[in-house]
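One structure below.
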Amino acid sequence: MQLGDFMFGGLFPVHQSFKIVNMTSNPIENVCETFTVSRLIQSLAMTEAVEAINKSPMLNGLTLGYKIMDTCSDVTTALQHTDIFMDKNCGSTNSFFQAVIGEYHSEVSIAVARYLTMGYMPQISYGSTAGVLSDKKRFPTFRRTVPEDDHQAKAITKILKYHNWTWIGIIATDGDYGRYAADQLEAQANKQNIFVSYRVVLPDFLNDESLDSKLNETIQKIANTSKVQVIVSFAKSHHMSRLFDKLTPNASGRFWIAGDSWSTSLNVLDNRPLNEVGKILGIIPFSGNISRFRSYIDNLDLNPDSQSNNTILQYFIKGELNKSRTIKEIRETLQKAVSPSAVFSVQLAVMFAANAIKDICSRKTCRGGFDIQRSELNDALAKTMLTIDNEKYSFSKSGDLDTGYDINIWEAALENNAEFVNNVKLKTVARYMIKNESMLFLNDTQRNPLEDFTVNAHECIVCPKNSYSVENSTTCTPRMVVFLSWREAYCIILVVFACLGILLTLIVMLVYLVRWDTPVVLAAGGPISILILLSLLGTFTSVILFGGKPTDIQCKTGQVLFGLSFTLCVSCILVRYFKVLLVFQNDSALKRVMKKLFLPYWIIGICVLIQGLICGFWLGMEPPTASESSRIRSELILQCDEGKRLFFGLMLAVISLLALVCFGFAFLGRKLPQCYNEERCISISMLIYIISWVVFAPIYANIVNMTHYKSAVQMVVMLFSAYGILICHFMPKCYIILLKSEKNTREAFTMGIREFARRFNRSSRVDRHRAGLDRPESAFTIDSGIENIINGVYSNPYPPSTISSFHMSIDNLPHEVSVSGDSLYEFSVYSGSSADMNEENQQQQTLSGSQKLLQRIKNNRTELKRTLSVPHF
């Protein structure tokens, strides 16, 4: 420990495990085991960095202090030490300690970060790479000077892809680092069609009783999968040392890719020749120039009595001296344990904290740590940028240092050299840049440093299409093909409803044809109603095409058939109701405009043509096809893909537009005679269509490529749309035709028209009275002659498809009454002034009426005029 104006706490896992020796004591007494020189070096890196800053003028005479604690790689021990850093003035916004440097292991850092967050104390880790620590909502005060594991997984996948290695094994320890790194690698590898043959998770603690048996199991698995030559390991260095010590001849000679947890730990070989283990490639975070630190080691006083402030170093020196080692040998041991990347990460952490303090003190007077608020230091750390050897370093928004990785190959030294550990040296062959996710080889000769390695793609089993490899296997298993099968209950129900719809449509069509000349059928549109029924047959048929194993033809036919048939259906409904509005239109000027616009088959043809063009472009550019997708490795989902979704949307938009127009027509015709008023039928059926497809869109978009029930969702909506029209438009009429024949007569329809005429007349008188007109109003007193025409005593003698208007002019009436007899829609009544009617009649062909009819007119003799209009169809 060294005191200073600003104090940093240091957490280092110098020991790799611990053992409880007394459970009755409070707190429980334990002993740390497995001393690690490389972690001692990291603690010395913090000491050296603090001393270097104190010797510089950076803080204007203020000094840094530190207290370094050994966590023994244990969460509980680490929290006990962290409590020391938080204890003084706990709960206040400042404290004796300003920041914590550490810890190395992710699982320990996560626990420490949660504790430090309560006091909002900054924490800078030099080795914790688990991705969860990037979550600033959970760990707002945590930062690190190394990249997170997502990037390490991407870098390893780049290496595997470059060498065309398609099968790998994964070994990891049971901790936050090991599991997360393995998960990320497997996810990245699957995207590149690289498969994991096996995945082994070792116990996290070295004193775990099951560790040896798990290591033996791992060796056996490696030996049994001889074709899997590449193994990626995210285990800790001591785990790898024990694993290599147990390697059998059958499990040797593999290619190992070392995660950053042991990529520089050359002592894992433990004097075992490198060629017996195989080849080792290491992923190491970027490092900088550490020559100053090596000089520090060379000049370090290794007299244990002079290191009373550094008990960890003192403990190490005494232990080495007890082994009869010389000071020179001890210094060589320290130098060999130096990892440039590990040392540089610790130095960066200290320098970030020091520069943040410098920034704060440049804006206010600082006499010590109590003058700095924790929130101030956190904000300053987020903005701090370092420039070292022309390289700039700063924390990302997630608190990470997104620099990159050095790719190092382990090489056996040609000659014995005291500087090399186990006669092995590291050679950097490439660099992985995080910002652009690219691999940069240092020179062309190092582009393929593994060309002499025996692994090649031909030795690996490349699974054929639609196959996959299960865990612990080097064989390929066919994927289970999943689609909306005819045998599935869901598909059976939908097909039954579609067939029932076809059957009901044919029955309705038969009823209409048998009762073709009845008023209900004629009022329903006659030929137009048959067109609607034929289009519904097409819609129900298209539903069936979406079931079963999809094919390209089936997908194209199903979508196009639905689009064209339902467009024909809705356009026929539009035309039919347009004609009803035209016949009962009382405004002569508007009626003339509507007559000009009323070209029924032209309207239907144009609507279907527009839809046909959309479908044509759809089929020509990017048509619907049978596609394969896989959300689960063991399943292959077959379903219809829409192709160009723009055209799919346009197809539905055209139908929706026609449905909205029909809905508008229904609103305009809400006061028509009951026998012609289909406002409710049209409104309900169009609303069913619109609501169904509005609900369909988000559901369909969210389940795309996720399940084979995507087609079933569209089938349901299509059935809703078709049944809405069939039930609302045709079932009431069939009910009248079959069960209420007394309403299917001319008299019933005449009563409806007469009631409409009376309502209109009353409304007309009220309107004229409000307008103050002085001319008397015709009371629509219909004499016996007019009644005979309405009642059908004298039926329309003119050809079918012709609208015939009989105009009667009574001498003593100020208004004329027009009774129109339509061969298809029975009669309509019009009342207007003589001037209005005469003006209209000037544009029409006038013929003399029947003398026999004139004789039946009471009171004054009237003149009957007949006007022929153009054919309606």
Side-chain angles (χ1 to χ4, degrees), residues 156 159-160 163-174 178 181-182 185-186 189 194-204 206 208-259 261-263 265-283 409-412 421-424 449-463 468-477:
I156 294 175
I159 296 171
L160 297 173
H163 291 284
N164 200 22
W165 294 334
T166 55
W167 285 94
I168 62 172
I170 296 179
I171 299 175
T173 46
D174 190 13
L185 175 62
E186 188 165 2
I194 298 170
F195 306 106
V196 178
S197 176
Y198 57 85
R199 176 171 168 175
V200 179
V201 179
L202 302 175
D204 198 39
L206 292 175
D208 193 303
E209 295 179 356
S210 64
L211 179 59
D212 282 339
S213 61
K214 197 67 177 178
L215 289 172
N216 292 331
E217 179 185 329
T218 303
I219 297 297
Q220 189 65 36
K221 190 165 293 186
I222 295 172
N224 292 339
T225 53
S226 59
K227 290 192 175 182
V228 179
Q229 292 285 298
V230 180
I231 304 172
V232 182
S233 174
F234 298 109
K236 296 177 181 179
S237 58
H238 280 77
H239 290 74
M240 293 306 300
S241 178
R242 292 196 183 186
L243 180 67
F244 287 156
D245 187 56
K246 290 177 174 290
L247 282 180
T248 61
N250 290 336
S252 300
R254 302 296 192 269
F255 185 85
W256 297 84
I257 297 181
S261 57
W262 66 281
S263 55
S265 301
L266 303 180
N267 55 352
V268 298
L269 295 175
D270 196 18
N271 297 319
R272 190 184 186 108
L274 178 62
N275 59 356
E276 288 186 11
V277 174
K279 290 278 188 177
I280 300 177
L281 189 73
I283 309 297
I409 189 77
W410 291 26
E411 287 188 346
V421 179
N422 292 320
N423 203 35
V424 173
L450 312 173
E451 58 186 358
D452 59 335
F453 189 62
T454 57
V455 173
N456 59 71
H458 300 290
E459 292 187 14
C460 298
I461 301 174
V462 180
C463 287
Y468 73 104
S469 174
V470 298
E471 190 175 358
N472 303 325
S473 173
T474 54
T475 60
C476 296
T477 304

Looking at Trp410, Trp167, Trp165, which one forms a ring pair (Phe, Tyr, Trp, His ring centres under 6.0 Å) with Phe255?
-> Trp165

4.5 Å side-chain heavy-atom contact, Met240 and Ser233 = yes

Asp245: partners by side chain to side chain donor-acceptor pair (under 3.5 Å), with sequence neighbours left out | none

For Ser252, all residues meeting side chain to side chain donor-acceptor pair (under 3.5 Å), sequence neighbours excluded = none

With sequence neighbours excluded, residues passing side chain to side chain contact (heavy atoms under 4.5 Å, CB included) with Asn216 = Lys246

Would you mind reporting whether Leu247 and Glu276 have side-chain heavy atoms less than 4.5 Å apart?
-> no

Can you tell me which residue pairs pass the ring pair (Phe, Tyr, Trp, His ring centres under 6.0 Å) test with a partner in residues 227-246, sequence neighbours excluded?
-> Phe244-Trp256, Phe244-Trp262

Would you say the side chain of Ile168 lies within less than 4.5 Å of the side chain of Ile257, judging by non-hydrogen atoms?
-> no

With sequence neighbours excluded, residues passing side chain to side chain donor-acceptor pair (under 3.5 Å) with Glu186 = Arg199

How many angstroms lie between CD1 in Ile219 and CG in Asn224, if you round to the nearest 0.5 Å?
-> 11.5 Å

Do Arg242 and Asp212 come within less than 4.5 Å of each other through their side chains, counting heavy atoms only?
-> yes

With sequence neighbours left out, what residues match Glu217 under side chain to side chain donor-acceptor pair (under 3.5 Å)?
-> none

Do Ile231 and Tyr198 come within less than 4.5 Å of each other through their side chains, counting heavy atoms only?
-> yes

